[in-house]
Amino acid sequence: MTTGRSNTFYIHTFGCQMNQADSAIITALLQQAGYTLAESEERAGIILLNTCAVRENAVDRIENYLQHLQGLKKRDKALLVGITGCIPQYQREEMFFNSYAIDFLAGPDTYRTLPLLIEQARTGAKPVSLDFNDSETYEGVDPVRQGVISAFVPVMRGCNNMCAYCVVPFTRGRERSQPFSAVMGEVKQLVASGYREITLIGQNVNSYHDPEQGMHFAALLDSVSREAPEARIRFTTSHPKDISEALVRTIADRQNICHHIHLPVQSGSTTMLGRMNRGHTIEDYKEKIALIRSIIPGVALSTDIIAGFCGEQEEDHQASLELLSSVRFDSAYMFFYSTRPGTLAARTLVDDVPEAVKKRRLQEIIDLQNSISSELFHESIGSVVEVLAESESKRSSLQLMGRTSGNRAVVFDREGYQPGDLVRVLITGTTSATMTGRPERGQEGNPSLY
Ligand code: SAH
Ligand code: SF4
Ligand code: F3S
């Protein structure tokens, strides 16, 4: 083992919450091996990029960042650069051709090998560790998280769906669930450490299946909410075909489970959903929404939507716009389609919507959704909401930023409150993505959950 700066590491995390959770696991594994987390990239002897491959622009971002690291390596020959996560898992050794700055590669199932890879990389070898391991859940590793208020807890890893556009099954491998006992153990620790918000994460949490006692996600969510009664409980992502009535009832019954469901739809057209291999029609989706809204009145719903997937006609695009208008989601993540090598679509369909058309359709989707979000935000002016304060606002230490149960961002006057406090806030205004307000003291009655 070398000492000094060469013994310190820094991780840049890209992509989804799963990658953020994995960075906390990587930090724990490297600390156990004697490495120290550096405060910044400049102070680190080892730089890791934990990468995302889900869309072409995510991959472009990494390639740009590698150029910057190449510059750093010119100045510091001892600096090691490792690439982890979803890009090396499917690009494999070819990644080394992208940049001479790269020293080693590891995939989502092989983080336990990182200390060994670092040792080998120091000798000038270019080691890779990219095997899938369908039983790896990193059980027993105690993640080293960045924040002290909100924590992600992975309950399952991988994905057994084969949505035609999606690279995730190829980067994350087969689905596997964390034992119920392990999840509960982690939640107990988070409660003891004072965490105020716990988000259970997985590519498709609804297909959670306890490998020991066979428990399903609704039962897990219920138990987590009872174990952490003082914390807010969230979960993501849900697949429309798997969301069950039992799960919806659990959310309604348990006061500390947030009234927010992220339910990616991807398209408003059944023809497109079929081509995307989503396993449900748009009628099925609307029925699920109606069921959710009948059991949890006022629930906040958000979605993901893709513009310009293979073969998308103008009428399919109109169907997506109609869906947004009829459901009125609180918010949406909106993308234009980009082919991912190796996916079902890349192998069997033609990426035939011209880029200009994809971008125009996406802009129409964004404009419509922004106006819906803004209308919904305006409707909340004058109501009192319960906000979990997360941090100081970016603009001023006299204001705090937090979220409602429905996951809306709120910036409000601080008035002595601290991050971690649950604050009743009177909404007085909105900007495009944020609501603004001030604490409402000494009022009786239940705050709105929005
Ligand atoms: N497991 C989650 C999220 C997967 S990736 C789920 O099933 O919903 C997050 C989002 O990225 C997807 O919901 C989809 O909207 C988008 N996405 C995935 N692949 C894409 C591609 N090739 N082009 C554009 N958007 C894509
Ligand atoms: Fe990708 Fe579909 Fe799996 Fe989500 S459910 S990770 S979109 S294959
Ligand atoms: Fe990206 Fe991998 Fe997550 S591809 S979205 S980091 S699972």
Side-chain angles (χ1 to χ4, degrees), residues 11-23 25-26 49-62 83-91 106-109 152 154-175 200-208 235-243 261-268 272-273 275-280 285 302-310 312 320 329 331-347 349 351 353 355 358-359 361-362 365-366 369:
I11 311 178
H12 289 286
T13 308
F14 301 84
C16 64
Q17 289 109 331
M18 195 56 86
N19 258 14
Q20 285 187 43
D22 281 356
S23 290
I25 288 169
I26 293 172
L49 302 188
N50 198 10
T51 61
C52 172
V54 80
R55 284 172 293 277
E56 201 170 10
N57 54 8
V59 178
D60 292 345
R61 272 178 78 192
I62 299 298
I83 313 295
T84 61
C86 290
I87 300 183
Q89 189 61 55
Y90 87 94
Q91 287 194 0
D109 287 344
F152 293 131
V155 299
M156 47 95 65
R157 299 174 69 87
C159 183
N160 284 359
N161 291 316
M162 271 291 161
C163 302
Y165 50 81
C166 186
V167 80
V168 171
F170 304 93
T171 65
R172 293 266 162 187
R174 305 292 294 167
E175 179 186 299
L200 306 182
I201 62 169
Q203 292 304 335
N204 182 10
V205 286
N206 306 130
S207 57
Y208 175 82
F235 60 94
T236 197
T237 297
S238 300
H239 194 296
K241 73 178 165 49
D242 299 322
I243 198 158
I261 301 180
H262 183 62
L263 202 59
V265 65
Q266 316 298 359
S267 170
M272 296 310 297
L273 291 175
R275 208 169 290 149
M276 287 173 165
N277 200 27
R278 287 288 286 176
H280 63 87
Y285 186 84
S302 57
T303 199
D304 291 352
I305 196 152
I306 300 175
F309 182 62
C310 309
E312 188 186 71
S320 289
F329 294 99
S331 63
Y333 294 98
M334 300 160 278
F335 315 102
F336 64 82
Y337 171 64
S338 61
T339 308
R340 308 314 298 131
T343 55
L344 202 60
R347 286 180 279 127
L349 299 171
D351 181 12
V353 180
E355 186 156 325
K358 283 181 185 171
K359 290 192 171 161
R361 288 180 186 167
L362 175 63
I365 287 173
I366 292 173
Q369 181 55 43

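All ligand and atom numbering here is 1-based and tracks the order in the structure. Keep in mind that the numbers below use all heavy atoms, side chains included, and drop hydrogens, waters and symmetry copies.
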(request) Quick one: closest heavy-atom pair of Met272 and Cys310, and the distance? (result) CE-O, 3.4 Å
(request) Distance to 0.1 Å, residue and atom name: give those for the protein heavy atom nearest to atom 6 (C) of ligand 1. (result) Thr237 CG2, 3.8 Å
(message) So is Gln17 touching ligand 3 or not, going by heavy atoms under 4.0 Å?
(response) no
(message) Between ligand 1 and Tyr337, is the shortest N or O to N or O distance under 3.5 Å?
(response) no
(message) With a heavy-atom distance limit of 4.0 Å, tell me whether Arg172 approaches ligand 2 through its side chain, its backbone, both, or neither.
(response) neither
(request) Heavy-atom contacts with His239 under 4.0 Å: which atoms of ligand 2 show up? List them by number with element. (result) 5 (S)
(request) Specify the protein heavy atom at minimum distance from atom 5 (S) of ligand 2: its residue, its atom name, and the distance to 0.1 Å. (result) Asn161 ND2, 3.4 Å
(request) Indicate yes or no: does an N/O atom of Gln266 lie under 3.5 Å from an N/O atom of ligand 1? (result) yes
(request) State whether a side-chain donor-acceptor pair under 3.5 Å links Asp22 with Asn50. (result) no
(message) Quick test: of every protein heavy atom, which one is nearest to atom 16 (C) of ligand 1, and how far off is it to 0.1 Å?
(response) Arg55 NH1, 3.2 Å
(message) Quick check on atom 1 (Fe) of ligand 3: does Cys86 put an N/O/S atom closer than 2.8 Å to it?
(response) no
(message) Looking only at distances, can you tell me whether any N or O atom of Asn204, backbone or side chain, sits closer than 3.5 Å to an N or O atom of ligand 1?
(response) no
(request) Counting heavy atoms only, name the option from Thr236, Asp304, Val265 that's nearest to atom 13 (O) of ligand 1. (result) Asp304
(request) For atom 3 (Fe) of ligand 2, decide whether Cys166 has an N, O or S atom at a distance under 2.8 Å. (result) no
(request) Check each atom of ligand 2 against the heavy atoms of Cys159 and keep those under 4.0 Å away; list them by number with element. (result) 3 (Fe), 5 (S), 6 (S), 8 (S)
(request) Among all protein heavy atoms, pick the one closest to atom 1 (N) of ligand 1 and tell me residue, atom and distance. (result) Gln203 OE1, 2.7 Å
(message) I'd like to check whether Thr339 has a polar contact with ligand 1, where a contact means an N/O of the residue lying under 3.5 Å from an N/O of the ligand.
(response) no
(message) Judged on heavy-atom distance to atom 24 (C) of ligand 1, which of Tyr165, Phe336, Phe309 sits nearest?
(response) Phe336
(message) Any salt bridge linking Arg174 with Asp109? Criterion: basic side-chain nitrogen under 4.0 Å from a carboxylate oxygen.
(response) no
(request) For Cys163, counting its heavy atoms only, list the atoms of ligand 2 lying under 4.0 Å from any of them. (result) 2 (Fe), 5 (S), 7 (S), 8 (S)
(request) Please determine if Arg55 forms a cation-pi arrangement with Phe335, meaning its NZ or CZ atom is less than 6.0 Å from the six-membered ring centre and no more than 45° off the ring axis. (result) yes
(request) Kindly confirm or rule out an N or O of Arg340 lying under 3.5 angstrom from an N or O of ligand 1. (result) no
(request) Tell me which part of Pro169 gets within contact of ligand 2: side chain, backbone, both or neither, using heavy atoms under 4.0 Å. (result) side chain
